[in-house]
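First the structure, in the form of C-alpha coordinates, and then the observations on it.
Whatever order the structure lists them in is the order used to number ligands and atoms, beginning at 1. These numbers were taken from a predicted model, which means no experiment stands behind them.
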Amino acid sequence: MLLEAKGISKSFGGLSAVSEVDLTIGQEELVSIIGPNGAGKSTLFNLITGHIRPDKGTVTYKGEDITGRKPYDISRLGIGRSFQKLNIFPRLTAFQNVQAALFSAQKINRKLFADASRMLGDEAEEILESVGLGGRSDTLGGLLAHGDQKRLEIGIALALNPELLLLDEPTQGMSPGETVETTELIRGLVRARHISLAFVEHDMSVVFGISDRINVLHQGMLIFSGKPEEVRANDEVQRIYLGKGEK
Ligand code: ADP
Ligand code: MG
(Lines give C-alpha, C1' and ligand atoms only; values in the text may rest on other atoms or scores of the structure.)
(Ligands and ions follow the chains in the order given, each with its own letter.)
Protein backbone atom coordinates (compact mmCIF):
# COMPACT_ATOMS: atom_id res chain seq x y z
CA MET A 1 0.00 0.00 0.00
CA LEU A 2 1.21 3.47 -0.82
CA LEU A 3 -0.96 5.12 1.80
CA GLU A 4 -2.78 3.57 4.70
CA ALA A 5 -4.96 5.43 7.19
CA LYS A 6 -6.09 3.30 10.12
CA GLY A 7 -8.86 4.13 12.57
CA ILE A 8 -8.45 7.80 11.87
CA SER A 9 -10.81 10.09 13.78
CA LYS A 10 -11.44 13.79 14.30
CA SER A 11 -14.15 15.58 16.26
CA PHE A 12 -14.95 19.27 16.25
CA GLY A 13 -16.53 20.00 19.60
CA GLY A 14 -19.20 17.35 19.94
CA LEU A 15 -19.34 16.65 16.23
CA SER A 16 -17.61 13.56 14.96
CA ALA A 17 -16.43 14.72 11.53
CA VAL A 18 -14.33 11.65 10.74
CA SER A 19 -14.80 8.50 12.74
CA GLU A 20 -12.57 5.41 12.75
CA VAL A 21 -11.91 5.56 9.04
CA ASP A 22 -9.65 3.04 7.34
CA LEU A 23 -8.52 4.17 3.92
CA THR A 24 -5.94 2.62 1.64
CA ILE A 25 -4.52 3.87 -1.62
CA GLY A 26 -2.39 1.53 -3.69
CA GLN A 27 0.40 2.25 -6.13
CA GLU A 28 -1.05 3.85 -9.27
CA GLU A 29 -4.53 3.31 -7.91
CA LEU A 30 -7.30 5.75 -8.69
CA VAL A 31 -9.75 6.00 -5.82
CA SER A 32 -12.70 8.29 -5.28
CA ILE A 33 -14.28 9.50 -2.07
CA ILE A 34 -18.00 10.14 -2.27
CA GLY A 35 -20.64 11.12 0.24
CA PRO A 36 -23.10 13.92 0.95
CA ASN A 37 -22.05 17.40 2.07
CA GLY A 38 -20.66 17.29 5.59
CA ALA A 39 -19.78 13.58 5.35
CA GLY A 40 -16.17 14.33 6.28
CA LYS A 41 -14.46 14.09 2.88
CA SER A 42 -12.42 17.30 3.13
CA THR A 43 -11.58 16.60 6.77
CA LEU A 44 -10.29 13.18 5.79
CA PHE A 45 -7.96 14.80 3.24
CA ASN A 46 -6.85 17.34 5.85
CA LEU A 47 -6.04 14.52 8.25
CA ILE A 48 -3.89 12.80 5.63
CA THR A 49 -2.02 15.94 4.57
CA GLY A 50 -1.35 17.21 8.08
CA HIS A 51 -3.62 20.25 7.90
CA ILE A 52 -5.60 18.78 10.79
CA ARG A 53 -4.20 16.49 13.48
CA PRO A 54 -6.18 13.34 14.09
CA ASP A 55 -7.55 12.67 17.58
CA LYS A 56 -6.95 8.99 16.99
CA GLY A 57 -5.55 6.68 14.36
CA THR A 58 -2.47 6.56 12.18
CA VAL A 59 -1.49 7.52 8.67
CA THR A 60 1.28 5.53 7.04
CA TYR A 61 2.85 6.55 3.76
CA LYS A 62 5.26 4.15 2.06
CA GLY A 63 5.62 2.32 5.33
CA GLU A 64 6.46 5.46 7.26
CA ASP A 65 4.25 6.79 10.05
CA ILE A 66 3.38 10.36 9.05
CA THR A 67 0.61 10.92 11.61
CA GLY A 68 0.63 14.47 12.92
CA ARG A 69 3.44 15.71 10.67
CA LYS A 70 3.31 19.23 9.29
CA PRO A 71 1.73 19.80 5.84
CA TYR A 72 5.02 21.04 4.42
CA ASP A 73 6.84 17.86 5.48
CA ILE A 74 4.08 15.66 4.14
CA SER A 75 4.03 17.44 0.80
CA ARG A 76 7.79 17.00 0.54
CA LEU A 77 7.34 13.27 1.02
CA GLY A 78 5.35 13.26 -2.21
CA ILE A 79 1.72 13.85 -1.32
CA GLY A 80 0.35 16.72 -3.41
CA ARG A 81 -3.12 18.14 -3.07
CA SER A 82 -5.63 20.69 -4.19
CA PHE A 83 -8.18 22.29 -1.92
CA GLN A 84 -11.91 22.52 -2.22
CA LYS A 85 -11.52 26.30 -2.09
CA LEU A 86 -9.38 27.83 -4.80
CA ASN A 87 -5.82 28.39 -3.71
CA ILE A 88 -3.96 30.24 -6.47
CA PHE A 89 -2.15 33.59 -6.68
CA PRO A 90 -4.61 35.82 -8.57
CA ARG A 91 -2.01 38.48 -9.38
CA LEU A 92 0.55 36.09 -10.81
CA THR A 93 0.20 34.70 -14.31
CA ALA A 94 -0.63 31.02 -14.78
CA PHE A 95 3.02 30.49 -15.68
CA GLN A 96 4.24 32.28 -12.55
CA ASN A 97 1.84 30.34 -10.33
CA VAL A 98 3.34 27.04 -11.46
CA GLN A 99 6.86 28.46 -11.49
CA ALA A 100 6.49 29.68 -7.89
CA ALA A 101 5.36 26.19 -6.88
CA LEU A 102 8.38 24.68 -8.68
CA PHE A 103 10.69 27.13 -6.87
CA SER A 104 9.16 26.23 -3.57
CA ALA A 105 9.37 22.49 -4.25
CA GLN A 106 13.03 22.82 -5.20
CA LYS A 107 13.79 25.20 -2.34
CA ILE A 108 14.88 27.95 -4.71
CA ASN A 109 14.72 31.49 -3.37
CA ARG A 110 14.10 33.63 -6.42
CA LYS A 111 15.33 36.75 -4.66
CA LEU A 112 18.85 35.33 -4.84
CA PHE A 113 18.76 35.58 -8.61
CA ALA A 114 18.99 38.79 -10.62
CA ASP A 115 16.62 37.44 -13.23
CA ALA A 116 14.63 34.37 -12.29
CA SER A 117 11.84 35.17 -14.73
CA ARG A 118 12.44 32.17 -17.00
CA MET A 119 13.95 29.80 -14.48
CA LEU A 120 12.36 26.36 -14.67
CA GLY A 121 10.36 27.79 -17.56
CA ASP A 122 10.29 24.60 -19.61
CA GLU A 123 9.07 22.62 -16.62
CA ALA A 124 6.37 25.19 -15.89
CA GLU A 125 5.20 25.23 -19.52
CA GLU A 126 5.12 21.45 -19.62
CA ILE A 127 2.95 21.30 -16.50
CA LEU A 128 0.61 23.98 -17.85
CA GLU A 129 0.32 22.02 -21.08
CA SER A 130 -0.51 18.84 -19.15
CA VAL A 131 -3.41 20.51 -17.35
CA GLY A 132 -4.78 22.01 -20.55
CA LEU A 133 -3.49 25.54 -19.98
CA GLY A 134 -0.86 25.57 -22.71
CA GLY A 135 -2.31 28.71 -24.22
CA ARG A 136 -2.95 30.51 -20.95
CA SER A 137 0.59 30.94 -19.58
CA ASP A 138 0.53 34.71 -19.55
CA THR A 139 -2.99 35.18 -18.22
CA LEU A 140 -3.24 36.38 -14.63
CA GLY A 141 -4.52 33.67 -12.33
CA GLY A 142 -7.37 35.87 -11.18
CA LEU A 143 -8.52 36.49 -14.75
CA LEU A 144 -8.67 32.86 -15.79
CA ALA A 145 -12.07 31.27 -16.25
CA HIS A 146 -13.22 29.28 -13.22
CA GLY A 147 -12.46 25.90 -14.79
CA ASP A 148 -9.00 27.07 -15.82
CA GLN A 149 -8.33 28.21 -12.24
CA LYS A 150 -9.29 24.76 -11.00
CA ARG A 151 -6.95 23.15 -13.53
CA LEU A 152 -4.20 25.59 -12.57
CA GLU A 153 -4.50 24.36 -9.00
CA ILE A 154 -3.79 20.86 -10.21
CA GLY A 155 -0.76 22.20 -12.06
CA ILE A 156 0.49 23.82 -8.86
CA ALA A 157 0.11 20.51 -7.04
CA LEU A 158 2.00 18.73 -9.83
CA ALA A 159 4.96 21.10 -9.48
CA LEU A 160 5.80 19.16 -6.36
CA ASN A 161 6.20 16.05 -8.46
CA PRO A 162 3.91 14.06 -6.16
CA GLU A 163 3.55 10.31 -6.11
CA LEU A 164 0.12 10.65 -4.60
CA LEU A 165 -2.30 13.37 -5.59
CA LEU A 166 -5.36 14.27 -3.51
CA LEU A 167 -7.91 16.41 -5.33
CA ASP A 168 -10.82 17.82 -3.36
CA GLU A 169 -13.67 18.45 -5.79
CA PRO A 170 -11.49 19.25 -8.80
CA THR A 171 -14.54 19.79 -11.00
CA GLN A 172 -16.60 21.90 -8.59
CA GLY A 173 -18.57 24.58 -10.40
CA MET A 174 -17.98 23.06 -13.84
CA SER A 175 -20.61 22.18 -16.40
CA PRO A 176 -21.24 18.45 -16.98
CA GLY A 177 -19.24 18.60 -20.20
CA GLU A 178 -16.30 20.40 -18.65
CA THR A 179 -16.42 17.98 -15.71
CA VAL A 180 -16.01 15.00 -18.03
CA GLU A 181 -13.26 16.75 -19.98
CA THR A 182 -11.33 17.70 -16.85
CA THR A 183 -11.68 14.26 -15.34
CA GLU A 184 -10.32 12.70 -18.52
CA LEU A 185 -7.43 15.12 -18.36
CA ILE A 186 -6.76 14.19 -14.72
CA ARG A 187 -6.94 10.49 -15.48
CA GLY A 188 -4.54 10.96 -18.40
CA LEU A 189 -1.92 12.83 -16.43
CA VAL A 190 -2.16 10.47 -13.46
CA ARG A 191 -1.61 7.49 -15.76
CA ALA A 192 1.19 9.22 -17.68
CA ARG A 193 3.03 10.09 -14.49
CA HIS A 194 2.35 6.68 -12.93
CA ILE A 195 1.04 8.30 -9.76
CA SER A 196 -1.85 7.49 -7.46
CA LEU A 197 -4.96 9.60 -7.12
CA ALA A 198 -7.65 10.08 -4.51
CA PHE A 199 -10.37 12.53 -5.46
CA VAL A 200 -13.67 13.85 -4.16
CA GLU A 201 -16.31 14.12 -6.85
CA HIS A 202 -20.08 14.56 -6.97
CA ASP A 203 -20.75 13.59 -10.57
CA MET A 204 -21.62 9.91 -10.27
CA SER A 205 -21.05 9.12 -13.95
CA VAL A 206 -17.49 10.39 -13.52
CA VAL A 207 -17.02 8.54 -10.25
CA PHE A 208 -18.26 5.24 -11.65
CA GLY A 209 -16.46 5.83 -14.94
CA ILE A 210 -12.92 6.31 -13.74
CA SER A 211 -12.51 4.91 -10.20
CA ASP A 212 -10.61 1.72 -9.52
CA ARG A 213 -12.23 1.84 -6.11
CA ILE A 214 -14.95 3.99 -4.58
CA ASN A 215 -15.02 4.92 -0.88
CA VAL A 216 -18.35 6.00 0.53
CA LEU A 217 -18.35 8.29 3.55
CA HIS A 218 -21.48 8.89 5.56
CA GLN A 219 -21.59 10.96 8.75
CA GLY A 220 -17.86 10.62 9.19
CA MET A 221 -17.82 6.87 8.73
CA LEU A 222 -16.55 4.86 5.81
CA ILE A 223 -19.60 2.76 5.08
CA PHE A 224 -18.30 1.07 1.98
CA SER A 225 -15.18 0.66 -0.11
CA GLY A 226 -15.17 -1.33 -3.28
CA LYS A 227 -15.07 -1.49 -7.04
CA PRO A 228 -17.73 0.48 -8.93
CA GLU A 229 -19.77 -2.64 -9.63
CA GLU A 230 -19.67 -3.60 -5.94
CA VAL A 231 -20.83 -0.15 -4.90
CA ARG A 232 -23.64 -0.32 -7.42
CA ALA A 233 -24.75 -3.66 -6.00
CA ASN A 234 -24.66 -2.54 -2.37
CA ASP A 235 -28.12 -1.84 -1.01
CA GLU A 236 -26.99 0.29 1.92
CA VAL A 237 -25.02 2.62 -0.31
CA GLN A 238 -27.86 2.80 -2.79
CA ARG A 239 -30.27 3.73 -0.04
CA ILE A 240 -28.12 6.17 1.94
CA TYR A 241 -26.31 7.99 -0.76
CA LEU A 242 -27.21 7.20 -4.28
CA GLY A 243 -30.93 7.28 -3.64
CA LYS A 244 -33.71 5.62 -5.57
CA GLY A 245 -34.10 6.71 -9.14
CA GLU A 246 -30.66 8.27 -9.27
CA LYS A 247 -27.67 6.48 -10.69
P1 ADP B 1 -17.38 17.28 3.31
O2 ADP B 1 -16.07 17.69 2.72
O3 ADP B 1 -17.67 15.83 3.15
O4 ADP B 1 -18.51 18.12 2.83
P5 ADP B 1 -16.22 18.26 5.77
O6 ADP B 1 -15.07 17.35 6.01
O7 ADP B 1 -15.92 19.60 5.22
O8 ADP B 1 -17.31 17.51 4.89
O9 ADP B 1 -17.01 18.47 7.13
C10 ADP B 1 -17.40 17.39 7.95
C11 ADP B 1 -18.12 17.96 9.16
O12 ADP B 1 -17.17 18.61 10.00
C13 ADP B 1 -19.18 19.01 8.82
O14 ADP B 1 -20.24 18.87 9.72
C15 ADP B 1 -18.45 20.32 9.02
O16 ADP B 1 -19.34 21.34 9.38
C17 ADP B 1 -17.51 19.97 10.18
N18 ADP B 1 -16.25 20.74 10.13
C19 ADP B 1 -15.32 20.67 9.15
N20 ADP B 1 -14.26 21.46 9.44
C21 ADP B 1 -14.54 22.05 10.63
C22 ADP B 1 -13.83 22.96 11.50
N23 ADP B 1 -12.64 23.42 11.15
N24 ADP B 1 -14.43 23.32 12.65
C25 ADP B 1 -15.63 22.82 13.00
N26 ADP B 1 -16.34 21.96 12.26
C27 ADP B 1 -15.81 21.57 11.08
MG1 MG C 1 -15.58 19.04 1.29
Check your understanding: Which heavy atom of the protein is the closest neighbour of atom 19 (C) of ligand 1, given with residue, atom name and distance?
Key -> Phe12 CE1, 3.5 Å
Review point. Starting from atom 7 (O) of ligand 1, which protein heavy atom do you reach first, and at what distance in Å?
Key: Ser42 CB, 3.8 Å
Exercise for review: Compute the shortest N/O to N/O distance between Leu44 and ligand 1 and return yes if it is under 3.5 Å, no if not.
Suggested key: no
Exercise for review: Answer yes if the ring centres of His51 and Phe45 are under 6.0 angstrom apart, and no otherwise.
Suggested key: no
**Study point:** Closest non-hydrogen atom pair, Ile210 against Leu30
**Key:** O-CD2, 3.3 Å
**Study point:** Cluster link Val131 to Leu197, ILVMFWY, side chain under 4.5 Å
**Key:** yes
Review point. So which protein heavy atom does atom 8 (O) of ligand 1 come closest to, and at what separation?
Key: Gly40 N, 3.2 Å
Check your understanding: Atoms of ligand 1 less than 4.0 Å from Lys41 heavy atoms?
Key -> 1 (P), 2 (O), 3 (O), 4 (O), 6 (O), 8 (O)
Revision key, fill the gap. A student checking ligand 1 against Ala39 at a 4.0 Å heavy-atom cut-off should list atoms 1 (P), 3 (O), 8 (O)
Practice item. Walk me through it: do Thr171 and Glu201 pass the test side chain to side chain donor-acceptor pair (under 3.5 Å)? Key: CA-CA 7 Å; Thr171 67; Glu201 172 64 55; 2.7 Å; yes
Revision key, fill the gap. The option among Ser16, Gly38, Ser11 carrying the non-hydrogen atom nearest to atom 10 (C) of ligand 1 is Gly38
Review point. Is it the side chain (CB and beyond), the backbone, both or neither of Leu15 that lies under 4.0 Å from ligand 1, heavy atoms counted?
Key: side chain
Review point. What's the verdict on side chain to side chain donor-acceptor pair (under 3.5 Å) for Asp65 and Thr60, showing C-alpha distance, side-chain angles and the deciding distance?
Key: CA-CA 4 Å; Asp65 186 350; Thr60 310; 5.2 Å; no
Review point. So which heavy atom in the protein is nearest atom 5 (P) of ligand 1, and how far is it from that ligand atom?
Key: Thr43 OG1, 3.6 Å
Exercise for review: Please find out if the Mg ion (ligand 2) and some N, O or S atom of Ser42 are separated by less than 2.8 Å.
Suggested key: yes
Review point. Counting only heavy atoms not in Glu230, do more than 12 fall under 6.0 Å of its CD?
Key: yes
Point to revise | Protein heavy atom under 4.0 Å of atom 16 (O) of ligand 1 | key: no
Check your understanding: Given Asn215 and Ile34, is the side-chain contact (heavy atoms from CB on, under 4.5 Å) satisfied, shown in steps?
Key -> CA-CA 6 Å; Asn215 296 280; Ile34 65 171; over 6 Å; no
Check your understanding: Against heavy atoms of Ala17, which atoms of ligand 1 measure under 4.0 Å?
Key -> 11 (C), 12 (O)
Point to revise | Flag for Asp168-Ser42: side-chain donor and acceptor within less than 3.5 Å | key: yes
Check your understanding: So is Gly35 close enough to ligand 1, meaning a heavy atom under 4.0 angstrom away?
Key -> no
Practice item. Identify the heavy atoms of Val231 and Val237 that sit nearest to each other, and give their distance. Key: CG1-CG1, 3.8 Å
Review point. Counting from 1, what ligand 1 atoms have a heavy atom of Asn37 closer than 4.0 Å?
Key: 4 (O)
